[in-house]
Amino acid sequence: MIEFGNIIHNATCDAIKTLYDADINNDLIQIQETRQEFEGDFTIVVFPFLKISKKNPEVTGTEIGNYLVQNCEIIEKFNIIKGFLNLSIKKEHWLNFLNSLSTIESFGTQPSKSSGTKFMVEYSSPNTNKPLHLGHVRNNLLGYALSNLLEANGHEVIKVNLINDRGIHICKSMLAWQKWGKGITPESSGKKGDHLVGDFYVKFDLEYKKQIKELTDSGIPQEEAEKKAPLIIEAQDMLLKWEALDEEVTSLWKMMNGWVYSGFEDTYKKMGVNFDRIYYESQTYLLGKAIVQKGLEKGVLYQRPDNSVWIDLTADGLDEKLLLRSDGTSVYMTQDLGTAAQRFDEYHMDELIYVVGNEQNYHFQVLSLVMEKLGYDWAKNLKHMSYGMVELPSGKMKSREGTVVDADDLVDEMVKTAHDMSMELGKLDEYTTEQTKEIVNMIGMAALKYFILKVDPKKNMLFDPKESIDFNGNTGPFIQYSYARIQSIFRKASELNLNISDSETVPSEKELKLLKVIYRFPSVVADAGKNLSPAMIANYVYELSKEFNQFYHECPILKEEDQGLRNLRLHLSEQTGKIIKKSMNLLGIDVPERM
RNA sequence: GGUUCCGUAGCUCAGUUGGAUAGAGCAACAGCCUUCUAAGCUGUGGGUCGCGCGUUCGAAUCGCGCCGGAAUCACCA
C-alpha cells in the first residue's frame with residue numbers, strides 16, 4: 001500500500017532536522033489534501049514551524065519545499081500560498097498507486113481478526129409484544145453497519161440480540177388473546193405473528209382504557225383507576241403465575257412468543273441483519289443479584305430500612321440508584337450488571353458496545369459507573385452507541401396515538417415505490433419478473449438504509465416518507481446507479497474484447513481527481529471505525545459516486561481512441577466500482593449489477 | 001432544577017487530531033438525451049455556521065456565559 005502521507009511526513013521531519021536542526025513533535029506536521037482550487041496534491045501547513053525556523057511563512061515554506069523536491073523522490077514541485085505549502089506528487093507515483101490496487105486484495109480494510117481485539121455489539125433488543133417500528137430500523141441498521149465496520153478494521157465481532165420476552169407487556173397481549181382471540185393463530189388469520197400479537201396488545205390497551213374511564217366516571221381518581229382496573233389486575237396476576245412457572249401460562253407464553261420470533265426473523269431477513277447469539281431476558285433476568293450481594297458486603301452499596309438496595313452516585317454528579325427492590329426482585333439495572341459480567345466471563349471481549357437509543361444515556365452512564373465502583377476492571381470498556389430519535393414530519397412517533405411507522409410496512413412501501421419508479425423509467429423492460437423483483441428489492445432497501453445511515457447517529461433525525469422515497473441526489477439508489485453504470489461499461493468492454501491491464505498512461509487532472517477520492521478510502525474506513533460512525537462511510541461513498549458520474553460525463557471511456565488512456569479510464573472505473581461495492585456492503589446495502 | 005446531547009442555506013443533511021473563499025441534495029430558475037444507462041450532467045440564485053466573549057497566526061470546530069430545542073433524573077424496561 002502506497003501512503004503518500006507517511007512519506008511526506010517523514011521527509012518533512014528530515015527537512016526540519018536538516019534545515020533548522022530541530023526535532024519536531026509529530027503532531028505539528030499537518031498534512032492534508034490540497035483543496036480543489038489550488039495546484040497540488042498534498043498540503044503542509046507551515047504555521048506550526050515558524051517558531052522553529054524563526055522566519056516568515058513564505059520563506060519557511062520555500063525552504064522546506066526546496067528540500068522536499070530535492071530529497072523526496074515522489075515530489076515533483078511545490079507552490080506556497082500564504083502559510084500553505086502545496087506539494088505536487090509525480091504523476092507516475094499516482095499511476096503506481098492505481099496499479100497497486102489490483103494486487104491488494106483488501107484495499108482499505110484490514111484482514112479479518114488481524115487487530116487481536118474482540119468486540120461484542122448488542123443491538124435490536126426488541127420487546128415481544130409488538131412488531132418492529134422505525135426506531136428499531138435505525139437501531140438494526142446502525143448495529144449491523146457498525147459490526148461490519150469494526151470487522152473491516154480487523155476486529156473480531158460478536159453480534160448479539162437481547163430479546164425482552166418477559167414482563168407485564170407480554171402478559172397484556174396474552175390476556176387479550178385469551179379473552180378475545182382464543183383460537184386465532186398467524187396461520188388462521190393470515191397475519192405475521194408479531195403483528196398479530198401486537199394487535200392484541202393494542203386491544204388490551206383499548207379495553208383497559210375503557211375500564212379506566214368507567215371507573216373515573218364513577219368518581220374514582222385517575223391514578224387509582226389505573227391501578228384498580230380489573231384487566232391490569234388480571235395481567236399482574238398472570239405475571240405472577242408466569243414467574244411461578246404455571247403450566248398454562250407458560251405454554252401460552254411459549255406459543256405466542258414463538259409467533260413473534262418467526263415474525264421478527266422475517267423482518268430481520270428482509271432488512272439483511274443477523275446475530276451470532278440471541279439472549280432471552282427470561283433466562284437472564286435473575287442475574288445480577290449475586291453481584292449486588294457482593295457489593296453490599298464490600299460496602300459499595302447500601303440497604304434501606306425497607307430492604308431495598310441502592311448505590312449513591314451523588315458524588316459523581318448523578319443520583320441515587322435503586323438496584324434491588326424492597327421485595328428482593330431485580331430491576332433493569334440489576335439484570336444489565338449480571339448480563340455484562342456473564343458476557344465478559346464467557347467471551348473475554350475487549351469492548352461491549354450497546355446500540356441503544358439516547359433516551360437511555362443515563363442508564364448506561366450509571367451502568368459503567370456502578371461496574372467500576374464494584375471493581376470490575378472492564379467497566380470502562382462498556383460503550384454505549386447512542387442514537388437519536390427518528391421523528392416524523394407530524395411530530396414524534398407515539399404508539400398510543402397510532403403515529404408509529406411499522407418496519408414491515410415501510411420496507412414494503414419502499415420496495416413498491418422502487419418498482420413503480422423503475423417501471424415508469426422503463427428500466428426493467430428486458431428483465432424477467434424474478435430479476436425485476438430482486439433488483440427492485442435492492443433499490444428499495446438501499447433507499448431506506450442509506451437515508452437512515454447517512455445521518456450522524458447521535459443526532460435526532462427527521463424521517464419524511466416522501467423525501468426518503470426520492471431516488472435522486474444523495475440517496476442509496478443514486479449510488480447503486482453509479483455502480484450499475486460501471487458494470488455496464490465492463491459488459492460492453494468485454495464484448496469489445498477489451499481487457500484491463502496495468503496502466504502506463506499518465507493521468508490528467510480529470511483522472512487524478514477521481515483517483516484522489518479513491519485514495520482516501522482507507523483513512524475513511526479507519527476514521528469511521530474509530531468514531532463508530534457508519535455515516536462517515538455513507539457520505540464518502542456518495543462523494544465517490546458523484547465524482548464518478550462527473551468523470552463519466554466528462555471523459556469518454558470506451559470511445560476513447562487512445563488505447564493507453566482508454567485502459568487507464570477503464571482501470572479507474574473498475575477500482576471505483578470495487579470501492580463503491582465495498583463501502584455499500586459495509587453499510588449492509590447490496591448493489592445490483594444493473595438497474 | 002441537575003446531567004447529557006443538538007442548533008450550519010427555505011427544507012433534509014455533510015463538514016473529526018482548529019487551516020485557505022463553509023459544501024451537497026431537495027425545492028426554484030436556465031440549459032444538455034441521433035453520444036459508454038438522463039435514477040444523470042452543467043449553470044444561476046440562496047449563509048450573521050443560534051448569540052456574545054475568550055484562546056490562537058488562524059474558530060462552524062476548542063473554553064466560558066447566555067438563548068432555543070430534545071432526552072433523562074421511577075421499587076418501568
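Note on naming: letters A, B, ... go to the chains in the order of the sequence lines (proteins, then strands), and numbering restarts at 1 for each one. Computed from a predicted model, the values in this text were never measured in an experiment.
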Review point. Taking E122(A) as the fixed residue, which of V355(A), I353(A), L162(A) is the one that meets the side chain to side chain contact (heavy atoms under 4.5 Å, CB included) rule?
Key: L162(A)
**Study point:** Any donor-acceptor N/O pair, S573(A) side chain to R569(A) backbone, under 3.5 Å
**Key:** yes
Exercise for review: Have a look at E543(A) and say if it touches a base, only the backbone sugar-phosphate, or nothing, with a 4.0 Å heavy-atom cut-off.
Suggested key: nothing
Check your understanding: Within the structure shown, what part of the strands sits under 4.0 Å from A484(A) by heavy-atom distance: base, sugar-phosphate, or nothing?
Key -> base
Point to revise | Stepwise ring pair (Phe, Tyr, Trp, His ring centres under 6.0 Å) test for Y519(A) and F42(A) | key: CA-CA 12 Å; Y519(A) 174 82; F42(A) 293 92; 5.7 Å; yes
Check your understanding: Can you find a side chain N or O atom of Y332(A) that sits less than 4.0 Å from OP1 or OP2 on rA77(B)?
Key -> no
**Study point:** rG43(B) versus rA24(B) - spacing of their P atoms, nearest Å
**Key:** 9 Å
Exercise for review: Could you tell me whether a side-chain N or O of R138(A) sits under 3.5 Å from a main-chain N or O of G388(A), the two making a donor and an acceptor?
Suggested key: yes
Point to revise | Interatomic distance, M584(A) atom CE to M442(A) atom CE [nearest 0.5 angstrom] | key: 11.0 Å
**Study point:** Residues touching RNA chain B, which here means a heavy atom under 4.0 Å, drawn from residues 420-431 of chain A
**Key:** S422(A), L425(A), K427(A)
Check your understanding: For atom P, what is the distance between rC62(B) and rU16(B), given to the nearest Å?
Key -> 10 Å
Revision key, fill the gap. Of rC41(B), rA24(B), rA77(B), the nucleotide closest to the side chain of Q550(A) is rC41(B)
Check your understanding: With distance as the sole test, does T576(A) use its side chain to make a donor-acceptor pair with the main-chain N or O of L544(A) at under 3.5 Å?
Key -> no
Practice item. Could you summarise the pairing of RNA chain B as dot-bracket text, marking Watson-Crick and G-U pairs under 3.5 Å with ( ) or [ ] inside the strand and | across strands? Key: (((((((..((((.....[...)))).(((((.......))))).....(((((..]....))))))))))))....
Revision key, fill the gap. One should read off an interatomic distance between L392(A) CG and L134(A) CG, to the nearest 0.5 angstrom, of 6.5 Å
Check your understanding: Got a second to check how far Q236(A)'s CD is from K172(A)'s NZ, nearest 0.5 Å?
Key -> 9.0 Å
**Study point:** Spacing of the P atoms in rA60(B) and rG52(B) (rounded, Å)
**Key:** 13 Å
Review point. In whole Å, what is the span from the CG atom of L369(A) to the P atom of rC73(B)?
Key: 17 Å
Check your understanding: Is it true that K516(A) and E33(A) make a salt bridge, defined as a side-chain N closer than 4.0 Å to a carboxylate O?
Key -> no
Review point. In terms of base orientation, is rC33(B) syn or anti, with the syn window spanning 90° either side of 0?
Key: syn
Practice item. For I443(A), answer base if it contacts any base atom (sugar-phosphate contacts may also be present), sugar-phosphate if it contacts only those atoms, and nothing otherwise; contact means non-hydrogen atoms under 4.0 Å. Key: base
Exercise for review: For RNA chain B, determine which residues of residues 552-571 of chain A have any heavy atom closer than 4.0 angstrom to one of its atoms, and list them numerically.
Suggested key: Y552(A), H553(A), C555(A), P556(A), I557(A), L558(A), K559(A)
**Study point:** Nucleotide nearest N472(A) when distance is taken to its side chain, options rA71(B), rG40(B), rA77(B)
**Key:** rG40(B)
Practice item. Could you tell me the separation between the CZ atom of F478(A) and the OG atom of S482(A), rounded to the nearest 0.5 Å? Key: 4.0 Å
Exercise for review: To the nearest Å, give me how far apart OH (Y354(A)) and C1' (rA77(B)) are.
Suggested key: 14 Å
Point to revise | Closest listed nucleotide, where the reference is the side chain of K492(A) and the choices are rU37(B), rA39(B), rG25(B) | key: rU37(B)
Check your understanding: Can K380(A) and E372(A) be counted as an ion pair, charged N to O under 4.0 angstrom?
Key -> no
Practice item. Could you work out the separation of rU34(B) and rG15(B) based on their P atoms and round it to a whole Å? Key: 40 Å
Review point. In whole angstrom, what separates D464(A)'s CG from rC11(B)'s C1'?
Key: 9 Å
Review point. When rounded to the nearest 0.5 angstrom, what distance separates NZ in K321(A) from CG in L367(A)?
Key: 10.5 Å
Check your understanding: So F463(A) and F451(A), would you call those rings parallel, tilted or perpendicular, with 30° and 60° as cut-offs?
Key -> perpendicular
**Study point:** Whole angstrom value for the distance that separates C1' of rC73(B) from CG of L322(A)
**Key:** 14 Å
Practice item. For rA22(B) versus rA9(B), give the span between their C1' atoms, rounded off to a whole number of Å. Key: 11 Å
Revision key, fill the gap. From CD of E359(A) across to P of rA77(B) the rounded distance in Å is 15 Å
Check your understanding: With a 4.0 Å cut-off, would you call R166(A) and E243(A) a salt bridge?
Key -> yes
Exercise for review: Check the distance between rC36(B)'s P and N549(A)'s CG and give it to me in whole angstrom.
Suggested key: 14 Å
Practice item. Report yes if at least one side-chain N or O of S488(A) is closer than 4.0 Å to OP1 or OP2 of rU37(B); otherwise report no. Key: yes
Review point. Atom CG of D470(A) and atom P of rA27(B): how far apart are they, to the nearest Å?
Key: 6 Å
Check your understanding: Within the distance-only criterion (no hydrogens, no angle test), does the side chain of H384(A) pair as donor or acceptor with the backbone N or O of Q365(A) below 3.5 angstrom?
Key -> no
**Study point:** R304(A)/E320(A) salt bridge by N-O under 4.0 Å criterion
**Key:** yes
Practice item. Just jot down the ring pair (Phe, Tyr, Trp, His ring centres under 6.0 Å) partners of F490(A), sequence neighbours excluded, or say none. Key: none
Practice item. Quick one, give me the B/S/- string for nucleotides 12-23 of chain B, reading 5' to 3', where B means a protein heavy atom under 4.0 Å from the base and S means that only happens at the primed atoms, P, OP1 or OP2. Key: SSS-B--BBS-S
Check your understanding: Any chance the side chains of T43(A) and N86(A) put a donor and an acceptor closer than 3.5 Å?
Key -> yes
Could you pull out the protein-nucleic contacts involving nucleotides 61-67 of chain B (nitrogen or oxygen on both sides, under 3.5 Å)?
none

**Study point:** Whole-Å P distance, rC29(B) and rG65(B)
**Key:** 48 Å
Check your understanding: When you compare rC13(B) with rU8(B), how far apart are their P atoms, in angstrom units rounded to a whole number?
Key -> 10 Å
**Study point:** Separation of atom CD in E58(A) from atom P in rC57(B), rounded to whole Å
**Key:** 17 Å
Point to revise | Pairwise P distance, rG31(B) and rG47(B) [rounded to whole Å] | key: 25 Å
Study note, to complete from the structure: Taken to the nearest 0.5 Å, the spacing of N361(A) CG from K458(A) NZ works out to 11.5 Å
Exercise for review: State which of rA24(B), rA38(B), rC73(B) makes the closest approach to the side chain of Y481(A).
Suggested key: rA38(B)
